[in-house]
Amino acid sequence: MDDIYNLSKSELTNLLDHNGFPSYRADQIWRYLYKNYVINFEEMNNISKELINFLSEKFYIGNLEEVNKIISKDKSTYKSLLRLSDGNVVESVLMNYPSDDHRRPRKTICISSQVGCALGCTFCATGQQGFTRNLSSGEIISQIIHFIRLEKDNYFDSILENPDKSYKGIKNIVFMGMGEPLANYENTINSIKKLNSNLGLNFGARNITVSTVGLVPQILKLAQENIQINLAVSIHAPDNKTRSETVPINKRYPIEELIKSCNEYIRITNRKIFFEYVMLDGQNDTLDHAKNLGKLLSGMLCHVNLIPVNPTNDSEYQRSRRETIKAFQSKLGEYNVPSTVRMEKGIEVSAGCGQLAKSNFY
Ligand code: SAH
Ligand code: SF4
C-alpha cells in the first residue's frame with residue numbers, strides 16, 4: 001500500500017482512467033485531499049462505494065501522528081514531533097508572527113525533508129543525529145496538512161499569544177527543518193509542485209523557501225525548474241579553510257564552485273539568493289571574515305541573514321557577541337551587501353534553526 005499523498009495529479013488521473021473510472025473523479029478526490037483534508041476515504045461523500053473500495057485497497061491517507069508537542073514560553077512557537085508510518089519521527093515547527101510596523105500577521109511553518117541528515121555540520125543537532133532516510137513527497141506534504149488541519153480547527157487561537165483572528169491560514173513554508181532538501185531532490189520538488197498547484201494547497205511559490213547547505217549540481221538543476229521559490233544557501237564562512245571546519249561538504253563543493261553556481265542560478269532565474277550565516281563566537285565572526293564575505297558577495301543579487309548560533313546538545317559553540325554581530329553587519333554594508341540579524345523563535349524549547357532532532361523531547 002502506498003500513501004496517496006505521494007501521487008501527482010496526473011498519476012491519479014491516469015490510474016483512474018486505466019481502471020475504468022471517469023477522470024473527473026480525480027478532481028473530486030484531489031479536492032477532498034487538498035482542500036477538505038479528509039482523514040479517511042469514507043469521508044469522500046460524493047464518491048461511489050466502488051471507487052472508495054478501489055482507493056482503500058491501494059492506498060492509505062498518510063496522516064502523521066503527533067506524538068508530542070511543545071510550546072515556547074512566549075507562546076509564539078509550536079513544535080510537533082510527528083511519527084511516520086514506519087515509526088521514525090521528524091520535527092516540524094509553526095511560528096506565529098503578530099503584525100508589526102511593516103508586515104501583516106502571518107504563520108510560517110518549518111518542515112523536514114529527511115529523517116536526520118548525512119552532512120554533519122558541526123553546529124547542527126540534525127547533523128549530530130546522523131542520517132536515517134529520505135522523506136517521501138507525501139510525508140513532506142503531510143507535515144503541512146497536519147498544521148493546516150489544526151489551524152482550520154482554530155486550535156492555535158487558544159494556544160498561541162496574539163493570534164490574529166482576522167488572518168487565518170498558514171502563509172509561508174520553509175524547508176529549514178531536519179535534513180538537506182536538495183539531497184532529497186525529487187521528493188522535495190514534487191512536494192513543492194503539489195504545494196504550488198492551484199488545484200490543491202495553492203501556496204504561492206514566493207512563499208516557499210528551500211534552504212540548502214550548498215549542493216552545487218542540485219542548485220544548477222533547481223535553476224532550470226522554472227519555479228519562483230526562494231533559495232537560501234547556508235554559506236557560514238567566506239573562505240574554504242573556515243568553512244570546511246564546520247561544513248564538511250565544503251570539501252566536495254568548495255566556495256568558488258558554490259558561488260559560481262549561485263551566480264548561474266541568479267542569471268537563469270533572476271531571483272535573489274538568501275545567504276545564511278550562523279554566527280559562531282571566535283570561529284567565523286571576525287572583521288576579516290566580514291570583509292572577505294563582503295568581497296565575495298559584493299554586486300550579487302543577494303541578502304545575508306546573520307543567525308546567532310542556537311545551542312545544541314553536542315556542540316560547544318557560543319553565539320557571537322552583540323557588538324561583534326553589529327560590527328560584522330556594518331562591514332558587510334561597506335561592500336553594499338544587505339543583511340539582517342535573524343532573531344530566532346522557540347530556542348528554549350529547541351525549536352530554532354539547527355536544533356531539530358529526534359531526541360529533543362526525551
Ligand atoms: N540542510 C539545510 C536546511 C536545514 S538547516 C541547510 O543546511 O541549509 C536550516 C538552517 O539552520 C541552515 O542555514 C543551517 O545552517 C542552520 N543551522 C543549523 N544548525 C544551527 C544552529 N545550531 N543554530 C542556528 N542555525 C543553525
Ligand atoms: Fe544537514 Fe543542514 Fe544540519 Fe548541515 S545544517 S547537518 S546540511 S540539516
Side-chain angles (χ1 to χ4, degrees), residues 90-93 95 108-135 140 143 172-185 187-188 192 208-216 218-219 222 229-237 242-253 258 262 273-281 283-285 302-320 325 339-358 360:
V90 288
E91 295 191 331
S92 319
V93 181
M95 290 153 287
T108 293
I109 51 182
C110 174
I111 56 170
S112 296
S113 54
Q114 299 181 314
V115 182
C117 181
L119 299 176
C121 303
T122 54
F123 44 76
C124 172
T126 313
Q128 288 153 10
Q129 128 181 16
F131 176 70
T132 306
R133 70 168 173 88
N134 282 331
L135 296 191
I140 295 174
Q143 296 169 66
N172 300 307
I173 295 173
V174 297
F175 284 74
M176 292 191 184
M178 292 162 68
E180 167 53 43
L182 297 191
N184 183 14
Y185 190 89
N187 294 343
T188 296
I192 290 173
I208 302 171
T209 300
V210 168
S211 175
T212 177
V213 70
L215 305 185
V216 167
Q218 286 91 327
I219 291 174
L222 187 65
I229 54 167
N230 303 306
L231 179 64
V233 174
S234 298
I235 188 145
H236 305 323
T242 314
R243 191 164 191 259
S244 294
E245 283 166 9
T246 56
V247 180
I249 196 71
N250 188 63
K251 297 193 186 102
R252 180 121 153 248
Y253 302 119
L258 177 58
C262 290
I273 289 190
F274 295 86
F275 285 103
E276 291 162 291
Y277 197 102
V278 171
M279 300 287 298
L280 304 160
D281 183 33
Q283 164 67 27
N284 63 353
D285 63 351
C302 72
H303 189 96
V304 175
N305 287 320
L306 300 169
I307 315 165
V309 71
N310 300 317
T312 66
N313 284 344
D314 294 341
S315 87
E316 306 272 286
Y317 295 110
Q318 301 293 320
R319 297 181 150 194
S320 304
I325 300 176
S339 63
T340 310
V341 181
R342 193 153 85 197
M343 275 306 145
E344 298 257 289
K345 288 173 165 290
I347 304 310
E348 86 286 359
V349 294
S350 289
C353 264
Q355 293 184 306
L356 304 187
K358 64 181 172 190
N360 275 331

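Each residue takes its place number in the sequence, starting with 1. Each ligand, and each atom within it, is numbered from 1 in the order the structure gives.
- Heavy atoms of Gly177 approach ligand 1 to within less than 4.0 angstrom.
- Less than 4.0 angstrom separates some heavy atom of Val278 from each of these atoms of ligand 1: 25 (N), 26 (C).
- Taking every heavy atom of both residues into account, Leu306 and Pro308 meet most closely at O-CD, 3.6 Å.
- The shortest contact between atom 21 (C) of ligand 1 and any protein heavy atom is with Cys353 O, 3.2 Å.
- Listed by atom number, the atoms of ligand 1 under 4.0 Å from Thr312 heavy atoms are 22 (N).
- One finds the CG atom of Asp285 at 7.5 Å from the OH atom of Tyr277 (value rounded to the nearest 0.5 Å).
- The closest non-hydrogen atom to atom 1 (N) of ligand 1, taken over Gly179, Ser211, Cys121, comes from Gly179.
- Thr212 and Gln218 are not linked by any side-chain donor-acceptor pair at a separation below 3.5 angstrom, with hydrogens and angles left out of the test.
- Taking each of Arg319, His236, Glu276, Met176 in turn, the one with a heavy atom nearest to atom 15 (O) of ligand 1 proves to be His236.
- Minimum interatomic distance between Ser211 and Pro181 (heavy atoms only, all atoms of both residues): O-CG, 3.1 Å.
- Protein heavy atom nearest atom 2 (Fe) of ligand 2, with residue, atom name and distance: Gly179 O, 4.5 Å.
- Atom CZ of Arg133 has more than 12 neighbouring heavy atoms from other residues, nucleotides or ligands inside a 6.0 Å radius.
- Residue Ser234 holds the heavy atom nearest to atom 8 (O) of ligand 1 of all those in Ser234, Gly214, Ala183.
- Listed by chain and number, the residues in a side chain to side chain contact (heavy atoms under 4.5 Å, CB included) with Thr132 are Asn88, Val115 (sequence neighbours excluded).
- In terms of heavy-atom proximity, Cys110 sits nearest to Gly177 at SG-N, 3.4 Å.
- Within the 4.5 Å cutoff, no side-chain heavy atoms of Glu180 are placed close to those of Ile249.
- Residue Gln114 holds its CD atom at 10.0 Å from CG of Asn187, rounded to the nearest 0.5 Å.
- Polar contact check, Phe175 against ligand 1: no nitrogen or oxygen pair lies under 3.5 Å apart.
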Criterion side-chain hydrogen bond (donor to acceptor under 3.5 Å, both in side chains) on Gln283 and Thr246, from CA distance to verdict:
CA-CA 9 Å; Gln283 164 67 27; Thr246 56; 4.8 Å; no

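- The nearest protein atom to atom 23 (N) of ligand 1, hydrogens excluded, is given as Asn310 N, 2.8 Å; this is a heavy-atom distance.
- Scanning both residues, Met178 and Gly116, for their nearest heavy atoms gives CE-N, 3.7 Å.
- Proximity of atom 8 (S) of ligand 2 to the protein is indicated by at least one non-hydrogen atom lying closer than 4.0 angstrom.
- For atom 4 (Fe) of ligand 2, the count of nearby protein N/O/S atoms, taking only those under 2.8 Å, is 1.
- Here the protein heavy atom with the shortest distance to atom 18 (C) of ligand 1 is Gly354 CA, 3.3 Å.
- Close approach of ligand 1 to Thr212 is summarised as follows: ligand atoms under 4.0 Å from at least one heavy atom of the residue are 6 (C), 8 (O).
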Tyr253 and Val213: CA distance, side-chain angles, deciding distance, side-chain contact (heavy atoms from CB on, under 4.5 Å) verdict:
CA-CA 10 Å; Tyr253 302 119; Val213 70; over 6 Å; no

